[in-house]
Amino acid sequence: MKNKILVLGLVLALVAVMVMPMAVSAANPTSGNTTVQGSIGVTYTINVPTTIILGPFTTAQAYAATGKSITVSTNDPTQTTCGITVADSKTASKGFLTLAGADDAAKELTNALTVAGGDLGANYFPLSTDRTLKVSTTPIASANIADFAVSQTITSGDLTKAAGTYSLSMTFTATFSP
Amino acid sequence: MGLAFASSLKLVVREMRKLFIFVAIGALLGLLTTSPVMAADPYTYTITVPGTITLGPFIAAQAYSLTGQSITVSTDDPNQTTCGITVSDSKTASKGFLTLAGEDDIAKELTNPLMVKGGDLGANYQSLITDRTLKVPTTPKANANIADFGVSQTIASGDLIKTVGTYSLIMTFTATFSP
């Protein structure tokens, strides 16, 4: 009886040896993942210099900053062209740096800020009116500007004005169109 | 004479039993020593699938599709002759639906489920709300390769006013090889 149990156990072990490789080789699934994605809501972006510092104004001369970048982009496939304008959105003393940047005609610099670059080319134009830096351009990426510049001419009279930081906020607008 | 034969037969049976026990003990030792080797399958099984499929951006109520995607399988295991492929969205809820940031967020899922086609599904799109068999086990396994896998997402007008962001899901493709 003891022998029979031993034989039975060993036979089962033998069967296991024969069957196990098949079981291992049959269970070998392999897998891979793919992400499917799509976004709702198109985006339009424009990147501009946040702050441009000129001076400090200590002498009567022109102070300039050049080589500034303006880039635009969108994921909207229906848009093919883009134009860029720049403006000083103040209602009075438009284009003039004023004390603390407020619309304070009494404390503005003598000359208007001038801008250059993009379609304006190398010549500076006063920002007393809106300026077109890029007319509608295809492809959109071509509207990017790498040579935007500002220049502020300081007169001797400015040097006697109220001490403080004179500034203005330029607003760049990118207009996309199909 | 008969008695002698019976005695000899008994002796043979006894010796056979010893031999059998010897073989079985050898097999048992083999099992004990080879099991770790078998657990580490020396063969490789691979499936190649698209990494990311980008549809849209979704800006209009229409179907956004991408077709002609390839899925290939292979192994160097000579014992495997057939291969089948399935595709599934492994989420437990909102199965088959693109959700914001790809998470299982029912509140921010698209209106319609993602549809898939290709392989044995043919040219008709089927929703991924349930696992789909792209290939029944096929011989030779190389025939399980698929070149016409496609996905399609129908955007409803209601989707366009949903939370802005990237809606996604992760498809899992599984290849099962067999001898």
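The basis for the numbers below is simple: all heavy atoms, side chains too, and nothing from hydrogens, waters or symmetry mates. So that the names make sense, note that chain A is the first sequence line, chain B the second, and so on, each numbered from 1.
Proximity to chain A (any heavy atom under 4.5 Å) is restricted, for B:Leu110, to the side chain, taken from C-beta onward. Only the backbone of B:Thr163 comes within contact range of chain A, with heavy atoms under 4.5 Å apart. Proximity to chain A (any heavy atom under 4.5 Å) is restricted, for B:Leu114, to the side chain, taken from C-beta onward. In this structure, no portion of B:Thr48 lies under 4.5 Å from any heavy atom of chain A. For B:Leu160, the part lying under 4.5 angstrom from a heavy atom of chain A is the backbone only.
With sequence neighbours left out, A:Asn144 forms a side chain to side chain donor-acceptor pair (under 3.5 Å) with no residue at all.
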(message) Pair B:Asp131, B:Lys95 - check salt bridge (Lys or Arg N to Asp or Glu O under 4.0 Å), show working.
(response) CA-CA 9 Å; B:Asp131 296 358; B:Lys95 201 174 176 71; 3.8 Å; yes
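There is a side-chain donor-acceptor pair under 3.5 Å between A:Ser136 and A:Thr81.
Put simply, of B:Cys83, B:Gly51, B:Gly56, B:Ser90, the one with the most heavy-atom pairs under 4.5 Å next to chain A is B:Gly51.
A distance of 6.0 Å or more separates the ring centres of B:Tyr167 and B:Phe58. Under the 6.0 Å cut-off for aromatic ring centres, B:Phe173 and B:Phe149 qualify, their centroids lying closer than that.
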